[in-house]
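What's counted below: heavy atoms across the whole structure, side chains too, no hydrogens, waters or symmetry copies. Throughout, a chain's letter reflects where its sequence line sits, starting with A, and its residues are numbered from 1. It should be emphasised that the depicted structure is a prediction, and the values quoted were computed from it without experimental measurement.
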Amino acid sequence: MMYIYKGVCILLCILAVTGRVTGQQRVAAVRLGGSVTDEQGRPVVGANIVAYDTGRKPHGTVADATGRFVFDCPAGASEFRVRMLGYREQVVKLVAGKTSYDVRLAESSENVDNVVVTGYVDKKKESYTGATHVIRREEIENMVHTNVLNIIQLRTPGFEIFDDIANGSDPNKIPDMVLRGRSSFIEGDQTNVPLFILDGTEVDISYVFDMPSDDIESISVLKDAAATSFYGSKAANGVVVITTRPTQAGRLQVSYTGNFQISVPDLSDYRLLDAHEKLEYERQAGVYGDFSGSSSSDVERQKQYYERLERANAGVNTDWKRMALRTGFNHIHNLMLSGGSQDFRYNVSGSYNSTTGVMEKSDKEVASLRINLTYGDMNKLFFQNITSLSRNASDDVPYGSFSDYVKLNPYDRPYNADGSLNNDLAFYAANPLYEKSLSSYIKSRSGSFIDTFRIRWTILSSLRVEASFSYTQTKSEGETFYSPLSKRFYDKDAAKRGSFDVSNGTTNTLSGNAFVVFNKAWGRDNANLLSFTAGVNIESTQSESHSFSALGVLSDKLEHPSMATGFAESSHPGGGEDRSRMLGCYVNANYIWGNRYFADVSFRYEGSSKFGDDNKYAPFGALGLGWNIHKERFMQGTAVSLLKLRASIGYVGNAGFSSYQAQLAYQYSSDLVYNGGIGAVPISMVNPRLKWERSLKRNFGVDFGFWNDRVNGSADVYYDTTNDLVMTIAKPDHIGFSNAKENLGKIRNSGVELSLRGNVLRRRDSNLNLYLNMSHNRNRIVEISDYLKNKNKENEENAASSLPAAFYEEGESMTALKVMRSAGINPTNGREVFIRRDGQLTYEYDYREKQVVGDTTPKVQGSFGFSFSWRAFDLSVSFAYRLGATVYNQTLATKVEGTDPTANADRRVFYDRWKSPGDRALYKNIASRETTPPTDRFVAAEYALEGSSLKLSYSLPDSFCRRLHLRRIRVAASTGDLFNISTIRRERGLDYPFARVFQASLTVNL
Amino acid sequence: MKKSIIPFFASLLSLGFVSCDFLDIDTPGIVNKDKMFENEQGFIDAMNGVYASLADGDLYGEQLSFGFVDEIAQLYYNDYEASETVLNRTYDLKYRDEDVRAKVDVVWSQAYNVIASVNSVLDNAAGRDFAILPRIRGEALAIRAFVHFDLLRLFAPNIGRGDEKAIPYVEHFSIDPVRRGTVREVYAHIVGDLTEAYDLLRQAEPAAGRTPEELYVTQYAAAALLARVSNWGGDRETAEHYALEALKGGFAFIREEQVKNLFMGYTAQTECIWGLHAPKIYLDVRSRLYPTRLTETFNMVRDNYQTIFRVSSFTSVNNDYRYQAYFTRTKWEHSVVTLTKLYDKNYDEEQTVPSGRTPGINLIRLPELCYILAESVYDRDPAAALDYLNWVVTARGLLPLEAGDIDTSEKFRDELINEITKEFWGEGQIFFTNKRFWLAMEGVNGKRHPASDETYILPLPESENSEGIN
């Protein structure tokens, strides 16, 4: 709602500036009264009533608990305004002699938003030329989610979080994501992650991951070059702008939200063998020989078999995969206070989130406090200060991964009859419950402090200056302890068992930003507007870390590094320090002609300490054009309420690379101690010709709305090219370094996005809204270096694993899947027959014969859902879908074929593998233990539907609330990640299982 | 209104231009080049970096001393595993095997990495004027020549095939590749750099803090290196001249009994002309030459070591102290002879250095000068050559050789090679000596490595074949 509020202020400002108070009847100072109600007739408590006198001084009051107000309307005022967050502002014309006004405010929630928050200057949506997607507070409230990224993914077409099959719903794992496809080769982490801006301050993705969603007012996702002027060098992967709840004048308002979640491990994708099946599989795979041998080892094996069979017959069927799991209970509380006078307002919010993961010993606890203070008048001098403090404590699983449990055999008992751990598992497997019983831990703690101070000074009616200054500090600590009793120290001296790894780090960022805005409107109805913005921004980041490792903890009970007897041999303290700076200036001009045609031009010039001496500064620019067709005379009176065409093109950059890659720098190191002095060597080969990596982004879009925006949406087509890709290029070693950074390579992302919303049913008691998001992205490598080509070869040659290796090839997608084609299993011998590129059949696998069979990125993906309200009930449902991805089924490759018969496996191993000549089986000979190389037998197109969120809420009747002296009480029951239907049957959550979430929530407003 | 805008923009723009320096920053531990070389200390630190990098295990800290280059000199064997381990493939000179080649490639890339560091010092020394700079330049030039010389000896044929392509001689810190020079061209560059280094160091002011002297390239070290290089190049006169120049450094032999304590992983006292400080070398020595149990990476001394040392001729007055200083017989699963020449158990356990000693690696020592001199004068004056050889031989506790022992050039050569083998075991000189004389080597398990390019010329890394530079 903040953008609405801001937009209103800007509009007000513009209107006020031009001083168009004409022809209205003037009245003398008079006492006015009345009431403010919403459309249902309920009082709107805390609504602002304001009128301006001829000196433009505001006079006003606030509606009381019954929605009533009385105030002295100044002489010279011809109207007064009623404002309340979440409602459309109402301008009430004064009628001479009338002193009582009953004002009805319409809720603004179903409006097409009229402001785009860019994090710097808010843009009128009507004249904004960029592609953007806004998620509003109401949408966030109606969803069940585990973190903010989840929300963005479900609501934004083109924002993709990769399905993490390995880490499931690990509460401490930040997922990987892209916006509109990968634009950079993966060299290190996070080169494809969008930029996150919180209230104008750049924040780390981990902050967003942990932040409470109750604090969020809106999320704007800026996808194209129009974001250039503000975030030029960092905007290559898109920008996500998050705005927190605004301050609000009026008496103290208190609201509390509590969410109580139960998360239950979702093991429905696992179909493991039971004790009898497993034993039979082992027998058929030849683990026990052919039962005819009589040597002592044969007899021994047969004895083992019958002993296990006896156990299975006796009913032992251990479900190992459940042994490390539990039901997680999460509770999330948020308490928000707001209020203040017209001049001084505040909003304070405190949150606490405690999450217990579904695997034992994995927990997360986040506490945060945010204080937003504003002072002054937006139209004169205005100050704002937002302070956020947060603390995060998380514990990770120190006893191995979920897969250790999955592979154990069901005919083994976890505990002996006397309750002690059974350490005599079949095939000498280690009992993972042992490690779990130790006191090992992996802890991390982090804290952050963000302070943003903004000042806005309206010098002249058409000219204002804004500046902001922010300071961010993040501290993190990590401590890993492995008990001396752990099996990992099995082969070490007793004195060197047990270890501590301790690290800590601090990052400080200071950034400042100042700009001037000039607006000039003229013509009839002020239909022409020129707005001009110019500014500078500056940023300095410094980070520091320390670490050490210690060995030799003599007891399982000694859980502090000071108990370690020494450091690892020849180790020394670790850590590092890094600094970088950035400086930029920008201009932006926006011209609107006749409210119909508009143009947006931005230019930015920016320098970074990370770039080469010769190319320290880089220019970025963007041009946007738009046409409000619905404002044309010929469209008047039609059903079309909004039809806007917009196009933008521009350059954005990517500075997510390490410092010092382009200037000769020396690094001192404790490894270079020489005869009492410390030495330094050049860090890397310098490329003085290195240029900024830049993306050329082109976007064409249309926004539309029919029947008063009851059906509305937008569609975008984009075509982005990343040029001068900064890549590591192999060099002949004799230059002293095996590689150097060069600008080489080119990637193209093109695609379509569609977002549709419809208010299909609007009755007195009921309301039904539908939404649909859809996106399609096509990624192509246009050009790559020899280095990467060689890397492909290396990857493929070394691909001993059964999973396809990543490869990069010109003309293919970065996520293309390349495997050898297969003709299936030969029924006579159970062996796989491959098809070579020339079509010939062979038993021999050859990586050179691999072919591209598809792309692991879905062809189309998105989400859809509805929200339905009936009287005091609200029901909202969202689904996510992925269509047409080509997926390599890892379960088939590792759990059905390529299995080790001593470990538990997927049921298909037993039922679908070839057993005897003549079997027309899908999978190889059951006795074969060889690893199956990547083949298209395990490749399939995936069509998946996820039930992401379902929420039913109920607002208690007003009469009841009033009796409790509360303004509003709302209760809700919901569930998240309810189901996952896929055309591919594979195990999901390999190292950490997925979980279903059931939630009950309570919201109380005071 | 307009008036108020103009000064505002003016100040914005000026902020923009003034702030160019704002982006020039550095962090502790990382220093940009202008700041690095703004004073003498920067050059000293950069040279410390060079010396310390030379002492790294990938170069003289292991591979080019007791590691790879001694393994291919057929001094060791390993029978821990019957299968073909990397070490066994190394003994068998399978340079093109994937794993062995990786070891060769690392030597190449680390050597050129040090050369790049040296070149960075030299490039930045140009145009600056500090009192210590002539000395720094001298040291840097000598090291550049020294490292190139060992690469030449590993990756190129001998000087006799001087017109064949050898290695690139890199003289600047630059991203641009350098063409491979011929053997003779590279030799000329090496001699040129060493001569310039010698002149600079001879004239340089003594520098404070460069003690002990043997840890840095001195004029005597430069002269000794010139003697080594000229001797390899067949330039007898120059070799003799510079060997004699080097002798003026006052180096002296340790006598007999003390030979037992001469090495032990320390620089060789008064015999060391140039060595490197390497306080952690004991870790690699221990794992490679003297582990606590048999491993597949353990270099066990071949059983012909007694033949080489002519143990059967030992008497109470003819006793090679090197033999006692070098080897220890240990009994594990079977009897194993370990090379303990470079290991001091006391230092490993107590981390205390005996007074006056420096843990480190010897790069060039006095005996080599004697061998070079003997070789240089042999054709002209065999008696003088005998004296030079006996200078070493008697210092090691043996009876002097007689004229009859070296009366033919073959006998002289065999005697010389036997002496060099005994003296430099574990110091990386034996392979180069065998290669210089182009001799077949007796491999382990009855293999014989003929004197051929396959035996003596290591393949260049694949990376050198890319980009069409050669």
Side-chain angles (χ1 to χ4, degrees), chain A residues 459-460 462-463 465 514 516 518 534-536 538 540 542 569-570 576-583 585 605 607-609 616 659-660 663-669 671-683 685-689 730-738 740 742 786 790, chain B residues 1 4-5 8-9 12-13 15-16 19-20 22-33 36 42 44-53 55 105 108-109 112-117 119-120 167-168 170 173-178 209 212 215 277 279-280 283 358 461 463-464 466-467 469:
Chain A
I459 306 171
L460 291 167
S462 57
L463 180 72
V465 180
V516 55
F518 170 73
V536 288
I538 189 165
S540 169
Q542 183 237 347
E569 192 169 45
S570 86
E577 185 166 355
D578 191 36
R579 286 186 203 169
S580 66
R581 285 177 179 177
M582 203 168 239
L583 179 78
C585 57
Y605 193 64
S608 163
S609 62
K616 201 147 245 173
S659 316
Y660 309 110
Q663 50 173 313
L664 173 57
Y666 267 76
Q667 170 137 42
Y668 282 86
S669 160
D671 291 329
L672 297 173
V673 168
Y674 192 78
N675 192 30
I678 189 161
V681 290
I683 294 176
M685 181 42 73
V686 174
N687 182 355
R689 301 181 290 263
K731 291 282 170 190
D733 284 334
H734 77 254
I735 68 162
F737 294 87
S738 59
E742 294 244 21
D786 291 340
N790 291 339
Chain B
M1 177 182 76
S4 61
I5 296 178
F8 184 81
F9 277 111
L12 279 187
L13 283 176
L15 181 67
S19 56
C20 293
F22 176 76
L23 301 178
D24 293 324
I25 49 161
D26 50 64
T27 53
I30 299 178
V31 183
N32 76 25
K33 70 163 192 256
M36 182 77 196
I44 292 171
D45 294 348
M47 285 310 290
N48 278 340
V50 167
Y51 284 114
S53 307
D105 289 357
W108 173 278
S109 60
Y112 275 109
N113 182 261
V114 172
I115 291 169
S117 302
N119 281 330
S120 172
I167 57 167
V170 184
F173 184 84
S174 161
I175 195 169
D176 299 316
V178 175
L215 297 182
H277 177 230
K280 285 189 180 155
L283 290 168
T358 310
S463 74
E464 296 298 321
S466 61
E467 300 202 6
I469 43 162

> Closest heavy-atom contact between A:Asp733 and B:Tyr112?
Replying inline: O-CB, 3.6 Å

> Of the backbone (N, CA, C, O) and the side chain (C-beta and beyond), which part of B:Ser109 lies under 4.5 Å from a heavy atom of chain A, both, or neither?
Replying inline: both

>> Can you tell me how far apart CG (B:Asn113) and CD1 (A:Ile735) are? Round to the nearest 0.5 Å.
In response: 10.0 Å

> Tell me, do B:Ile167 and A:His734 make a side-chain contact under 4.5 Å, heavy atoms counted?
Replying inline: no

> Can you list the residues that meet the ring-ring contact (aromatic ring centres under 6.0 Å, His included) rule with A:Tyr605, with sequence neighbours excluded?
Replying inline: A:Tyr617

>> Tell me the closest heavy-atom pair linking A:Met685 and B:Ser174, and the distance in Å.
In response: CE-O, 3.4 Å

> Is it the backbone or the side chain of B:Ile175 that comes under 4.5 Å from a heavy atom of chain A, or both, or neither?
Replying inline: both

> B:Asp176 versus chain A, heavy atoms under 4.5 Å apart: side chain, backbone, both or neither?
Replying inline: both

> side chain to side chain donor-acceptor pair (under 3.5 Å) with A:Tyr666: which residues, sequence neighbours excluded?
Replying inline: B:Ser120

>> Run the side chain to side chain contact (heavy atoms under 4.5 Å, CB included) test on B:Tyr51 and A:Asn675 for me, step by step, so that the C-alpha distance in whole Å, both residues' side-chain angles and the decisive distance to 0.1 Å come before the verdict.
In response: CA-CA 10 Å; B:Tyr51 284 114; A:Asn675 192 30; over 6 Å; no

> Only one of B:Pro168, B:Pro461, B:Pro177 forms a side-chain contact (heavy atoms from CB on, under 4.5 Å) with A:Pro732, so which one is it?
Replying inline: B:Pro177

> Can you say whether A:Ala740 sits under 4.5 Å from chain B via the side chain, the backbone, both, or neither, judging by heavy atoms?
Replying inline: side chain

